[in-house]
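Heads up: the structure comes next, in structure tokens.
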There are 2 protein chains.
Amino acid sequence: MKKNASQSAYLHAYESIRDKVLNGEIAGGTKLVEEKLAKDLGVSRTPIREAIRKLEQEDLIQDKRVVLPTEKDLREIFQVRILLEGFAARASATYMSEEAIEELQKCVDIGRNGTTEEIMKANKAFHEIILDTNNNKVMIKIMDRMQSIIYLFRKTVVYHKRPHLIDEHEQICNAIRNRNPEEAEELMKKHLEADLAFFLHFMGQD
Amino acid sequence: MKKNASQSAYLHAYESIRDKVLNGEIAGGTKLVEEKLAKDLGVSRTPIREAIRKLEQEDLIQDKRVVLPTEKDLREIFQVRILLEGFAARASATYMSEEAIEELQKCVDIGRNGTTEEIMKANKAFHEIILDTNNNKVMIKIMDRMQSIIYLFRKTVVYHKRPHLIDEHEQICNAIRNRNPEEAEELMKKHLEADLAFFLHFMGQD
DNA sequence: TCAATATTTTTTGTATACAATTTATATAAT
DNA sequence: ATTATATAAATTGTATACAAAAAATATTGA
């Protein structure tokens with residue numbers, strides 16, 4: 001009866017649906033029908049429902065439809081990101097360990113020499129290291145929930161090779177290494193504002 | 001078959017369980033057993049499960065147990081609150097309408113003359129008016145999710161009649177009326193820090 | 001033709017059954 | 001008595017059935 005899958009049907013469904021949304025296999029605006037998804041994944045509706053609820057919490061789905069984030073949505077997410085990550089950058093200048101700073105530097109290096117796939121990962125890690133330094137589970141959870149939508153966004157930015165992105169990371173890294181909280185926060189805010197502006201630029205074109 | 005309740009079983013279950021947790025009817029640390037809750041509320045396990053999932057998202061439940069927030073949890077929540085509400089207070093000084101400022105003043109007045117129940121509501125409204133002024137759905141949702149735990153906290157503060165609480169609200173209201181963003185933000189941060197300190201004081205005693 | 005209403009179909013919400021898992025309890029061996 | 005192992009009980013995860021609600025389609029009257 002139970003599939004030989006190593007994980008629960010619910011988790012499998014959650015990840016599967018999320019991935020399909022993130023890589024565009026399920027287009028924005030699509031209505032998700034429980035029975036159809038259940039059939040596709042070879043499970044019953046029960047785990048599908050739970051997966052959908054979770055995705056709704058992450059705002060990737062809104063009443064059974066895959067979201068199509070508007071410009072306003074993005075601005076709102078970034079307003080929050082700027083507050084939280086700006087704060088985290090400031091704290092990092094005071095609290096980050098030398099080892100973590102090395103990790104951060106590695107992310108910058110990969111940003112210069114890695115493959116697109118590697119760069120994606122490194123950019124995510126860069127922001128995560130800074131956030132984790134502040135050691136606030138609530139904050140981490142909030143950022144985690146926004147991650148899916150941010151992922152959609154980050155893909156575009158890296159794919160289109162935004163100018164100065166890695167330079168900005170390096171500047172932030174240096175400000176942290178030099179233990180300059182004000183500068184670290186300011187640079188992080190500028191960095192995120194530039195990210196947002198760049199993305200909105202591409203949104204307008206499609 | 002269907003109860004004559006005006007709302008869905010799921011919503012009824014959600015609200016019912018949440019309220020029982022908030023008013024202490026279900027003590028912190030209690031393991032929630034689906035079947036028991038289902039029997040109590042006269043529904044099946046299905047809507048109970050959904051309700052529990054939602055409450056888990058709000059951090060009121062963590063793997064089937066009612067949370068017992070630690071001091072660290074509270075500090076973390078307030079670190080976020082201070083960032084978001086501080087920002088909202090600053091924005092309010094610039095954008096809040098005269099009518100909304102009147103509403104804010106009313107909350108202060110009720111804080112001075114109302115019943116405990118009325119004061120609770122007015123204090124909640126005070127913070128909501130400021131947050132709503134910034135008109136950021138993402139922020140509102142984040143605060144909403146923390147609301148349950150904040151409620152547990154606010155009850156204590158009002159019940160014990162924290163000194164200066166309403167004075168601080170009035171100061172914030174005045175800073176907004178005087179269109180002074182810096183001061184509004186600073187006062188809000190101080191206000192929330194005082195709230196936190198007061199609550200931690202009582203936590204230590206029990 | 002078009003709007004209004006009825007009818008059918010699809011989809012969701014809820015209850016229930018049962019298997020899988022976890023947790024508690026009892027039994028045996030040292 | 002204490003640990004190890006077996007057994008039983010409780011609890012959760014999943015599948016399925018069916019009723020309620022929502023959405024789509026057809027039908028009627030102007």
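Each chain gets a letter, A, B and so on, in the order its sequence line appears, and its residues count up from 1. These values consider heavy atoms only, across backbone and side chains, with no hydrogens, waters or symmetry-generated copies.
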For this session: For C:dG13, take OP1 and OP2 only and decide whether either is under 4.0 Å from a side-chain N or O of A:Lys64.
Result: yes
Exercise. Does D:dT14 have OP1 or OP2 sitting under 4.0 Å from an N or O in the side chain of A:Ser44?
Worked result: no
Length of the line joining [X]:[atom1] and [N]:[atom2], which is rounded to integer Å:
X	N	atom1	atom2	result
A:Leu37	C:dT10	CG	P	17 Å
A:Lys36	C:dT12	NZ	P	12 Å
A:Arg45	D:dA17	CZ	P	12 Å
A:Glu50	D:dT12	CD	P	12 Å
A:Arg49	C:dA15	CZ	P	12 Å
B:Ile48	D:dT11	CD1	C1'	14 Å
A:Arg65	D:dA22	CZ	C1'	12 Å
A:Asp63	C:dT11	CG	C1'	14 Å

Exercise. Which of these passes salt bridge (Lys or Arg N to Asp or Glu O under 4.0 Å) with B:Glu34: B:Lys64, B:Lys39, B:Arg53?
Worked result: B:Lys64
Exercise. Touch check for B:Glu34, heavy atoms < 4.0 angstrom, all strands: base, sugar-phosphate only, or nothing?
Worked result: sugar-phosphate
Exercise. Using a cut-off of 4.0 Å on non-hydrogen atoms, how would the nucleic acid contact of B:Leu32 be classed: base, sugar-phosphate, or nothing?
Worked result: sugar-phosphate
Exercise. Do we get B:Arg75 above B:Phe78's six-membered ring, with its NZ or CZ under 6.0 Å from the centre and within 45° of the axis?
Worked result: no
Exercise. Only one of B:Glu56, B:Lys141, B:Arg145 forms a side-chain hydrogen bond (donor to acceptor under 3.5 Å, both in side chains) with A:Gln57, so which one is it?
Worked result: B:Arg145
Problem set entry | Residue met sooner reading DNA chain D from 5', once A:Lys31 and A:Leu11 are mapped to nucleotides | A:Leu11
Exercise. Nearest to the side chain of A:Glu35 - C:dT12, C:dT14, D:dG13?
Worked result: C:dT12
For this session: Choose from C:dT12, D:dG13, C:dA15 the nucleotide whose nearest atom is closest to any side-chain atom of B:Arg53.
Result: D:dG13
Problem set entry | Test of ring centre spacing under 6.0 Å for B:His191 and B:His164 | no
Exercise. Taking NZ, NE, NH1 and NH2 as the nitrogens, is one of them in A:Glu185 or A:Lys189 under 4.0 Å from a carboxylate oxygen of the other?
Worked result: yes
